[in-house]
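Data first, discussion second: the structure below is written as structure tokens.
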Protein chains: 2
Amino acid sequence: MSDQSIDTSAVPERAPAGAAYSPLYQQIKGLLLQSLDRGEWKPGEVIPSEFELAARFNVSQGTVRKAIDELAADNLLIRRQGKGTFVATHNEAKVRFRFLRLTPDDGQPSASSSQLIDCRRVKAPADVARLLDLASSESAVNVRRLLSFDAEPTILDDIWLPGAVFKGLTTESLTRYRGPLYAFFESEYGVSMVRAEEKIKAVAATAAQAELLQVAPESPLLQVERVSFTYGDRPMELRRGLYVTNRFHYRNSLN
Amino acid sequence: MSDQSIDTSAVPERAPAGAAYSPLYQQIKGLLLQSLDRGEWKPGEVIPSEFELAARFNVSQGTVRKAIDELAADNLLIRRQGKGTFVATHNEAKVRFRFLRLTPDDGQPSASSSQLIDCRRVKAPADVARLLDLASSESAVNVRRLLSFDAEPTILDDIWLPGAVFKGLTTESLTRYRGPLYAFFESEYGVSMVRAEEKIKAVAATAAQAELLQVAPESPLLQVERVSFTYGDRPMELRRGLYVTNRFHYRNSLN
DNA sequence: GAGTGGTCTAGACCACACG
DNA sequence: GTGTGGTCTAGACCACTCC
């Protein structure tokens, strides 16, 4: 239990003159993030107990606790009293609506289905390359799909992924998978989406969009551009969605 | 410094058999919330130091600290190292954009101006009464205004307030005030907005709306319905906004 | 009962603001 | 220097889960 080989200079030095001061628990948080990033513990798995981690890093349990507290607040870890601390995953029911903010105006549940329109591999367009931090010559995967709720077409998604990371992604593998796309990315490509930024506008439907979504051309649609990030704030997905908001709305909480 | 008259049963009992268990720091948080609600400390003021509060409530400083931590995480309090803990206010620069999520597509700043269209006192319509928890016979204040950025009309707001709370509110007092509306509510009516829920849709501009916003009729607009809450989750404002999103977008972060 | 996270305490020391 | 919040520690005990 003692004499771990991790070390990294046992008791981290405090601000070596002129350097940026960083509290111990922040450093521990950084080390935990590294472990998560490199996949030492996979989504859904338990991480070592607080006392184990405290021994590994040569700090007190309370300091580890504070580091984990912050990671749990960011939804990267999930604490379960009596059981342990787990790596967050996009498979849990409570998290399913963390990224999808569109909800029915009345009542809650509705049967959803996804129809794949297209999946191709192309050189990344300039705007996509910029948002995903890709070199202009790199390849990208483009997925287009239509989501329906209660058999009503509601969301038209145009998704872009870095080709270098999502290697084996094909129409076939996508069609076979059941469940949230982000859970698919986790289990198949080890890519965990941790955070996202959205930019929302109101736009008029083009003829092609109107036909797919079964609304009148020029109908107002909610346009949602989302960039999702993995550990280390690396952009990993660009998703441009068009939402029909006749019977649905985008919900948001301001704190 | 000792022998405070607050008491409330010195050391709170732990779960008196079958009762819901509540940690000490949560109870302290509740007491602090009560003090905030009743205005013991006003927005912008310092609250007593952690040690003072610990003495008052007969708990350790660490326990008070955890209670304050949560209130600070909810943006009700603001900690300033070396100075003290302050009651949050809507006057600070960092908080100005906590509720207004509309930002220019490029660049940051822009001159904003507010034009008051209307301010009247009426019996609350059914839908407004329901959202603001008013009896159907109660009065409400309805404010309409047009916000412009760089002299371009951008936001058309339709605001509803409970008449019983906002007694002296008139066109005149509104016009006189400079700064955010929520700061005005704080200083003039002691109403602090603490949290809000928004429902967003894309809609087509009516003729009247189009004229005010100087866009073509049937133009797509972002419709944002916001309900704001004070302490104790009491709804205190209903705001229906229409945003022109040609050069602006609604930004959101998903965690 | 053993192990895990959750609460509470007490005390020491650090970083920061202000007179 | 004094007072405030911020960090870190060590130890005790509670609540929950699983065997």
Side-chain angles (χ1 to χ4, degrees), chain A residues 1-2 9-32 41 44-73 76-88, chain B residues 1-2 9-32 41 44-73 76-88:
Chain A
M1 199 68 76
S2 61
S9 82
V11 177
E13 304 298 328
R14 312 284 205 289
Y21 168 71
S22 170
L24 246 188
Y25 75 88
Q26 288 286 5
Q27 301 176 39
I28 305 297
K29 184 182 175 184
L31 293 173
L32 292 174
W41 316 299
E45 292 181 2
V46 235
I47 72 170
S49 77
E50 296 179 351
F51 279 105
E52 245 173 284
L53 291 170
R56 175 193 300 200
F57 297 131
N58 278 299
V59 297
S60 79
Q61 178 249 10
T63 300
V64 170
R65 172 156 258 274
K66 184 146 189 183
I68 292 180
D69 274 347
E70 294 206 349
L71 293 170
L76 299 192
L77 296 177
I78 298 178
R79 322 189 76 137
R80 281 199 262 252
Q81 183 170 153
K83 301 176 77 170
T85 300
F86 298 75
V87 182
Chain B
M1 199 67 76
S2 61
S9 82
V11 177
E13 305 297 330
R14 310 285 205 285
Y21 167 72
S22 170
L24 246 187
Y25 75 88
Q26 289 285 5
Q27 301 177 39
I28 305 298
K29 184 181 174 184
L31 293 173
L32 292 175
W41 315 300
E45 292 181 4
V46 235
I47 71 170
S49 77
E50 296 179 351
F51 279 105
E52 245 173 285
L53 291 170
R56 174 193 298 199
F57 298 132
N58 279 299
V59 298
S60 79
Q61 177 250 12
T63 300
V64 170
R65 172 157 259 275
K66 184 145 188 183
I68 293 181
D69 274 346
E70 293 206 349
L71 293 170
L76 299 192
L77 296 177
I78 298 178
R79 323 190 75 137
R80 280 199 262 252
Q81 182 170 155
K83 301 177 77 170
T85 300
F86 298 76
V87 182

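Throughout, a chain's letter reflects where its sequence line sits, starting with A, and its residues are numbered from 1. Keep in mind it's a predicted model, so treat the numbers as computed, not measured.
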**Prompt:** To the nearest Å, how far apart are Glu50(B) CD and dA15(C) P?
**Reply:** 18 Å
**Fill in**
Sorted by chain and number, sequence neighbours left out, side chain to side chain contact (heavy atoms under 4.5 Å, CB included) with Ser49(A) holds for Phe51(A), Glu52(A)
**Prompt:** Considering only dA15(D), dC8(D), dT4(C), which nucleotide approaches the side chain of Tyr21(B) most closely?
**Reply:** dA15(D)
**Asked** Is there a side-chain contact between Thr85(B) and Leu71(B), using heavy atoms and a 4.5 Å cut-off?
**Response** no
**Message:** Return the CD1 to CD1 distance between Ile78(A) and Ile47(A), rounded to the nearest 0.5 Å.
**Reply:** 11.5 Å
**Request:** Would you mind telling me which of dG5(C), dG5(D), dA10(D) lies closest to the side-chain atoms of Ser49(B)?
**Result:** dG5(D)
**Message:** OP1 or OP2 of dG6(D) versus the side-chain N and O atoms of Arg79(B): is any pair under 4.0 Å?
**Reply:** yes
**Request:** Taking all heavy atoms of Tyr25(B) and all of Thr63(B), pick out the closest pair and write down the distance.
**Result:** CB-O, 3.7 Å
**Complete:** Atom OH of Tyr25(A) and atom C1' of dC8(D) are separated, to the nearest Å, by 11 Å
**Request:** When you get a sec, tell me which of dG5(D), dC8(C), dG5(C) is the closest nucleotide to the side chain of Thr85(A)?
**Result:** dG5(C)
**Asked** In whole angstrom, what separates Gln81(A)'s CD from dT17(D)'s P?
**Response** 7 Å
**Request:** Quickly work out the Gln26(A) CD to dA15(C) P distance and round it to whole Å.
**Result:** 15 Å
**Item:** Between dC13(D) (P) and Phe51(A) (CZ): distance, integer Å
**Value:** 14 Å
**Asked** Got a donor-acceptor contact below 3.5 angstrom from the Glu50(A) side chain to the Val64(A) backbone?
**Response** no
**Prompt:** Going by heavy atoms closer than 4.0 Å, what residues in residues 61-71 of chain A are next to DNA chain D?
**Reply:** Thr63(A), Lys66(A)
**Closest listed nucleotide, where the reference is the side chain of Pro23(B) and the choices are dT7(C), dG5(D), dC8(D)** = dT7(C)
**Item:** Length of the line joining Leu77(A):CG and dG5(C):P, which is rounded to integer Å
**Value:** 11 Å
**Prompt:** Would a 4.5 Å heavy-atom cut-off, applied to side chains only, mark Ile28(B) and Leu53(B) as touching?
**Reply:** no
**Request:** Mind calculating the distance between CD (Glu52(B)) and P (dT4(D)) to the nearest angstrom?
**Result:** 7 Å
**Asked** So how far is it from Leu76(B) CG to Leu32(B) CG, rounded to the nearest 0.5 Å?
**Response** 10.5 Å
**Message:** Using whole Å, what does the distance between atom C1' of nucleotide dG5(C) and atom CG of Leu53(A) come to?
**Reply:** 13 Å
**Message:** Is the phosphate of dG3(C) approached by Lys83(A) (side-chain N or O, under 4.0 Å from OP1 or OP2)?
**Reply:** no
